[in-house]
Amino acid sequence: MSVNVLIAEDEQNIAESLRFILEQAGCDVRHALDGEEALKEARISTPDVLILDVMLPSLNGFDVLKTIRSDSDLTDIAVLILTAKGQSHDRKTADTLGADAFVTKPFSNSEIVAEVLRLGAKS
Amino acid sequence: MAKLTPLRRLKDIAAIAPIFGFLLLIPPVIGLFATEATVFGAPLVLVYLFAIWLALILIAAILSQRLSQAERDDPK
Amino acid sequence: MSSLNVVILAALGYAVVLFLVAFISDRSTRSGWLSSPLVYTLSISVYCTSWTFYGAVGSAARNGLEFATIYIGPTLVFLGFYSVLRKLLRIRRENNITSIADFISSRYGKSDLIAATVTIIAVFGAAPYIALQLKAITTSFQVIGGSSDTVGSAPITALWVAAGLALFTIIFGTRSIDANERHYGVVAAIAVEAIVKLVALIGVGLVAVYHVADGPQDIFNRITETMPPPEEGFGVRWIGLILLSGTAVLCLPRQFQVTVVENVNERHLFTAAWLFPLYLFLMSLFILPIAAVGATTLPPGSNPDMFVLTMPLAAGRDDIALLAFLGGFSSATSMVIVSCIALSTMISNHIVMPLTLRRTAGLSVDGDVRGLLLKSRRIAICGILFVGFLYLEFGPQSAGLASIGLVAFLGVAQVLPALLGALFWPRANRRGAMLGLSIGFAIWTYTLLLPGLLADAKWWQQIAQVGPFGIEALRPDALFGLTSLDPLMHAFFWSISANVFFFVLGSLSRDLNPLEQLQSTLFVDAFRSGSEGGQRLVGRAASADTLFDLAQRVMGANQAYGIFRNYAQAHNQKAEFPVPDDAFINHLERRMASSVGAASARAMISRVAGGERISLDELVEIADETARLMEYSTRIEQKSREIEETASKLKSANERLVQIDAQKDEFLSQVSHELRTPMTSIRSFSEILAQNDRIDDDKSRYFMDIIHDESVRLTRLLDEILDIGAVERGDDFPVTLIDPMVALKRAVDACRGLAASAKVTIIEHHTDQPAVTLANQDRLTQVFINIISNAIKYNDAVKPEIEIETTIITGTFLTSVSDNGSGVSEHDATLIFDKFSRGSKPTNEKGAGLGLAISRTIARKFGGDVVLARASQTGAKFNITLPIASEDHNQTNRDDTLYTKPLAESV
């Protein structure tokens with residue numbers, strides 16, 4: 001069975017590369033351009049894994065994560081935080097809010113695919 | 001306020017001394033001695049006048065000597 | 001009977017000795033005993049004139065102990081030397097005072113009117129007094145030389161004596177005009193005369209006690225016998241005479257001359273304080289014995305004023321009589337000499353000089369001032385003596401020696417209120433002094449001087465009896481009905497009371513002007529302010545040459561040159577003449593004051609250097625102790641405030657550093673984020689391409705395009721980051737005067753291609769006024785390009801156009817760039833000037849969001865700004881302002897340091 005992945009990322013090019021490598025790995029991939037859209041999409045498709053960029057327009061990644069963890073319908077989604085900032089306090093915030101994985105940009109394709117598959121298998 | 005220095009005290013004395021001398025040498029004080037009485041044959045008031053006068057000179061000498069000393073000790 | 005020849009020979013011989021003493025002393029100035037406290041004290045004894053020498057015995061024979069009051073007053077004044085005399089000496093030294101008139105006028109705003117008034121009072125008081133001395137000499141000549149026929153006529157003798165005295169005074173008294181150069185010869189001669197006076201009187205006294213009488217006991221008996229009853233004589237007159245004599249020893253011009261002006265060393269006063277009273281004591285010791293012996297042995301009707309001579313003559317002691325004659329001669333001559341010096345100085349400085357200055361008003365001081373002064377002093381000396389001679393010949397003959405002396409005492413006593421006010425009352429001012437002096441002087445003249453002078457005139461007798469115009473209340477000897485006092489005390493009471501009353505009233509009636517205030521502080525606080533004291537408050541300017549020209553006319557070329565040279569050396573100035581700053585001009589004025597008096601010196605300096613400009617604010621600072629203390633505490637407060645300020649500045653600097661550090665972290669984090677984003681795409685797609693051989697060509701070409709675009713974006717980003725650093729440091733763009741229109745035209749041209757491809761129309765309205773601004777051409781062009789290209793890129797209108805307009809508004813060159821797009825949202829309006837911000841509108845453009853931040857930073861470096869003038873939905877409008885260049889280039893140095901803009905919101 002394939003892993004359902006939702007990508008929340010405002011940078012078109014990055015989202016496109018992620019979609020390509022994840023589909024190659026056999027995942028079912030959806031894409032949202034900002035935070036609110038990501039939440040809406042999550043409620044509709046209940047993905048196994050959410051790849052969540054922190055710097056999102058309208059609602060940032062951490063706010064999205066907070067909402068997901070407090071919503072019983074969504075709380076089971078595995079969340080992978082993707083950030084370009086990569087500072088230690090970001091990682092700490094992600095942990096506290098209940099992120100399942102943390103990957104900094106630029107990432108290695110194989111690493112992020114492995115991480116997504118690991119999270120997908122768990123759920 | 002600062003303690004009274006020797007100079008300060010002497011200054012005050014030097015300022016008061018002439019007034020004190022003046023009062024001794026004018027009526028009514030001098031009037032007390034203007035009588036028929038004599039001292040060794042000299043009229044009392046004459047002796048009184050010259051004695052006070054000499055005393056004032058002595059005071060002036062002592063004051064000036066002390067003030068001069070105090071000024072040296074108390075360089076302002 | 002000593003023969004006339006012996007007397008004349010003795011007198012001439014004595015005169016020759018005095019000339020020699022004076023001559024030698026003048027040659028050996030400052031050496032040894034001449035500047036000793038003993039000589040100083042002896043010179044003060046010029047107080048004892050022939051009036052004392054002959055007249056005291058006369059007074060004792062008539063009024064008993066009353067003569068002693070004349071010596072007790074000075075004794076008390078010297079006993080209190082530390083409060084009054086010492087201050088006088090200090091003030092004289094620091095202000096180079098030349099006379100009592102100079103002292104008073106200097107204190108009251110250097111007024112020449114006051115100086116002249118005091119001079120006139122002094123001259124009026126002195127003329128009869130000098131006549132008295134001449135009379136004493138001629139009378140004593142007649143007495144000791146036999147009958148008047150054998151001596152020759154009295155007027156001839158008096159004239160000869162006057163001529164001799166004039167000669168001596170001119171030779172030794174007018175060699176220099178500088179008060180700082182003491183009259184050593186005169187002082188020495190006077191000291192010698194003082195000793196002769198004392199020795200002679202004691203000699204006569206000893207003859208009286210031991211030769212004529214049988215020792216002290218007999219003397220006491222004779223005194224008791226001849227003296228008026230002791231109960232009499234200790235009343236108002238007794239007190240009044242003590243006060244009057246105390247006043248005289250301070251205010252008589254000749255006393256001021258020897259005690260204050262001729263003083264070499266302030267410390268000499270410590271000796272004089274007791275030695276001078278002792279001298280007076282010794283002088284008085286034998287007065288009563290001589291009077292008693294004279295009264296009991298000489299035939300009735302003998303003149304008691306001549307007992308000093310007639311008593312030893314009658315006793316057959318011609319030698320002592322000759323000594324007594326020389327003593328009387330000494331008393332008279334020393335008084336005349338010193339009086340003439342003092343008065344001639346006053347007349348030349350305070351009457352002749354101001355008149356000369358007034359006559360040459362408007363012009364610079366010209367001619368030989370020094371020569372004029374010396375000449376006027378010599379003429380004044382002859383004049384004073386001649387007036388004395390005339391007074392002796394044609395004045396009233398009735399008055400006794402003592403009464404003439406007391407008239408003079410009360411005359412100069414009119415100066416006392418002004419003098420004491422000068423020393424101790426800060427509020428005393430010129431109006432008060434002038435009123436007190438003139439009213440006191442007028443009353444003295446009316447109630448005492450004129451009655452004596454005009455005693456024989458019929459019309460005056462009329463006035464004296466029924467009052468002027470029949471007004472009884474104005475009778476000169478019973479003013480307002482006061483008849484209980486004798487004429488002297490009557491005049492004393494009214495003149496001094498009125499004097500003090502009007503002095504106080506006048507002083508309280510107005511505030512001190514700045515110069516008076518300054519002088520008041522210098523005088524009243526003489527021991528507190530430093531020698532240069534308040535002088536620093538006076539500001540004047542003149543060239544050194546002009547000042548030298550003036551100084552050498554007053555003091556002679558040599559002395560003037562010395563003053564200039566010494567001052568320059570003392571202040572380590574290399575030039576021959578010192579820099580003519582305020583300090584030097586004040587120094588020079590004070591040096592000149594020692595020659596011509598404060599008022600004339602000030603008037604002369606003012607001619608060449610302008611009047612003093614005394615700052616009232618500064619004056620208040622030194623006005624009195626309270627003000628000074630307040631200023632001191634204000635300074636301390638200010639200090640602690642400064643420390644607090646520094647501390648808080650340090651604190652805020654520290655906070656700012658912390659803030660800047662945080663901003664730096666934030667900036668680096670932003671930069672890192674902005675760089676990582678394109679890098680992520682590049683890395684990811686290049687991995688995809690590297691790891692997948694089976695991707696079709698179209699796809700791989702698409703991926704490679706993305707990699708290329710992101711690389712370009714990365715490069716541009718790096719450029720912008722470097723650029724904003726450079727702009728904020730401002731290190732690579734020198735500013736020059738440029739025409740902003742040129743930069744704008746270049747920018748518009750550069751944007752035309754972009755506008756054409758985006759189909760945007762550019763409309764321009766330009767001012768035709770020329771303008772220049774201090775800026776950098778290339779950077780300014782960059783700003784315009786940025787704003788214009790933004791307007792093109794973000795214009796989403798159907799028929800897009802942008803409008804560029806230039807105007808000049810009050811020193812500002814204003815460029816507006818507006819578009820007809822959908823404007824800037826309220827949210828974006830607050831963010832667009834922050835670094836790394838981009839509008840939320842979708843766009844193809846992928847800049848780093850640094851453009852507006854850079855533009856604004858550049859514009860601010862030029863003293864201008866870039867602002868969003870309109871953010872409405874009908875289009876955005878940006879205003880670029882630039883200051884139009886003037887002489888003031890400082891504006892351009894606005895110091896915008898790195899990271900000044902908070903970056904927090906720039907998400």
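Below, chains carry the letters A, B, ... as their sequence lines are ordered, and counting in each starts from 1.
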How long is the straight-line distance from [atom2] of [Y] back to [atom1] of [X], given to the nearest 0.5 Å?
X     : Y      : atom1 : atom2 : value
B:T38 : C:I223 : OG1   : CD1   : 12.0 Å
B:I59 : C:T75  : CD1   : OG1   : 12.0 Å
B:S64 : C:L79  : OG    : CG    : 10.0 Å
B:I57 : C:F281 : CD1   : CZ    : 6.0 Å
C:F78 : B:L56  : CZ    : CG    : 14.5 Å
C:F81 : B:L63  : CZ    : CG    : 7.0 Å

- With no hydrogens and no angle check, is any side-chain donor or acceptor of B:W53 less than 3.5 Å from a backbone partner on C:A68? no
- Message: Using modelled atom types and a 3.5 Å cut-off, is there a donor and acceptor pairing between side-chain atoms of C:Q217 and backbone atoms of B:F40?
- Response: yes
- Task: Give, as side chain, backbone, both or neither, the part of B:L49 having an atom under 4.5 angstrom from any heavy atom of chain C.
- Result: side chain
- Message: Taking side chain as everything from C-beta outward and backbone as N, CA, C, O, which of these in B:T35 sits under 4.5 Å from a heavy atom of chain C? Side chain, backbone, both or neither.
- Response: backbone
Contacting moiety of [X], where chain B heavy atoms sit under 4.5 Å:
X      : result
C:L280 : both
C:I242 : side chain
C:I219 : neither
C:R222 : neither

- Flag the one option from B:I13, B:I19, B:L25 with the top tally of heavy-atom pairs under 4.5 Å to chain C. B:L25
- Message: Quick check on B:F20: does its CZ atom have over 12 non-hydrogen neighbours (other residues, nucleotides or ligands) under 6.0 Å away?
- Response: no
- Message: Are more than 12 heavy atoms, taken from residues, nucleotides or ligands other than B:R66, located less than 6.0 Å from that residue's CZ atom?
- Response: no
Is there a side-chain contact between [X] and [Y] in this structure, where contact means two heavy atoms from C-beta onward sitting under 4.5 Å apart?
X      : Y      : answer
B:P27  : C:I239 : yes
C:Y82  : B:E71  : yes
C:W274 : B:L58  : no

- For B:A14 against C:S83, the heavy-atom pair lying closest together: O-OG, 4.5 Å
- Query: Can you name the closest pair of heavy atoms from C:S284 and B:F50 and give their distance?
  - Reply: O-CZ, 4.0 Å
- Query: Is there a side chain to side chain contact (heavy atoms under 4.5 Å, CB included) between B:F22 and C:I72 once you walk through the steps?
  - Reply: CA-CA 9 Å; B:F22 180 60; C:I72 287 171; over 6 Å; no
- Task: Apply the test side chain to side chain contact (heavy atoms under 4.5 Å, CB included) to residues C:F234 and B:V45: give CA-CA distance (whole Å), side-chain angles for both, the deciding distance (0.1 Å), then the verdict.
- Result: CA-CA 10 Å; C:F234 299 111; B:V45 69; 3.5 Å; yes
